[in-house]
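Here the structure comes first, spelled out in structure tokens, and everything after it is commentary.
Just follow the structure's listing: the first ligand is 1, and inside any ligand the first atom is 1.
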Amino acid sequence: MNELLRRILFLPPQASAASVGIDHLHFFVILTTILVSSVAGVVAVYFMARYRRRRRDQPTPHLEAPRWLEATFVIVPLSFFLLWFRIGFGQFVEMTSPPADAMDVYVTGKQWMWKFAYPDGPSGLEVLRVPEGRPVRLLLTSRDVIHGFFVPAFRLKQDALPGRYTQTWFVATKPGTYPVYCSQYCGTSHSRMRAAIEVMAAGDFDRWREEEKRGRALQRDTALGAADDQPRASDMVALGRRLAESEGCLKCHSVDGSPHIGPTWLDLYRRTTTLADGTTVLADEAYLTESMMDPRAKQVRGFPLTMPSYAGKLGAPETAALVEYIKSLRASVVPAPAGGPVYEQTGGP
Ligand code: CUA
């Protein structure tokens, strides 16, 4: 049934864990609307014949529907709408909540190509290789305009924005190669802004990563013409540390937990931070990037707002490197519970 409907509706293969549920909701909505509109059409044609005007002077009777009938016509469609909304909202929450053990991949969009980088290398890849059956989190950004990262076979679509990070995740379920498109009109070659995701059996992927760590695959991919426009991410922490000094971050932020002008970077990543207006925010990649680009957006309680904006001063790779450096600053390496460790921000300096 699932496969039949998928073919009738010309949908791409279902190659991620989320895609089946999304398609089932799609089928539910489309079958209900086809059924109801067909019944309504047949009834309309029947009524046209059955209640047609037979004489010129035939009076039109005044009809008033009973209350229960009118209520039914409101409540039944509304219930279907709310049920679909409930299912869809559950799927949305699921799709925007990456599991804690997901493998990270950095995705950079620029006119007009997609580039991929693993935190421990290699980077600048045009084809993203991922293992089957394991969660993969994508951290997306753009070097110029807004792009949309779109993988039809995964039913996955997430915009990539210049100057900040967005995230999404998936579990690939079928080995194969799947096309990636750009879903935001971004210039003359928008329609040619394509990439591919290659889903490998988990064992093959691990073997490839081992091989790549010994340098061979990196050379092969570079030989295929991938420009190295992001630093290798094992070097990203080191680059981030250098940038933190050269850009003046460490004049205000300590990295050892000691009080300073700004919040310490030690254990900052995934800490729950209280803002000046009393709300709390989880310090994830998106928050850290936003705080660099627009420090006024989320001001931390107990600290003066003296930080300048780094928008335009730091490119996407530099920003990613600083985020990776902050992520590397952990007081102790303990296994993170689901959702990561949560700390309360304690006081100001
Ligand atoms: Cu990038 Cu359209």
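No donor-acceptor pair under 3.5 Å is formed between the side chain of S189 and the backbone N or O of R192.
C186 lies close to atom 2 (Cu) of ligand 1, since one of its N, O or S atoms is found at a distance under 2.8 Å. Atom 2 (Cu) of ligand 1 lies at 2.8 Å or more from every N, O or S atom belonging to S191. Among the atoms of S142, no N, O or S atom is found under 2.8 Å from atom 1 (Cu) of ligand 1.
Within the 4.5 Å cutoff, the side chain of F170 has heavy atoms near those of the L138 side chain.
Closest heavy-atom contact between E285 and Q167: OE1-OE1, 4.2 Å.
Around atom 1 (Cu) of ligand 1, the angle linking C182 (SG) with M193 (SD) is 110°, rounded to 10 degrees.
Judged by a 6.0 Å distance limit and a 45° cone about the ring axis, R209 is positioned over the six-membered ring of Y118.
The atom name of the N/O/S atom in H147 closest to atom 1 (Cu) of ligand 1 is ND1. As for H190, its N/O/S atom nearest atom 2 (Cu) of ligand 1 is the one called ND1.
The local environment of CZ in R54 is crowded, with over 12 non-hydrogen atoms from other residues, nucleotides or ligands closer than 6.0 Å.
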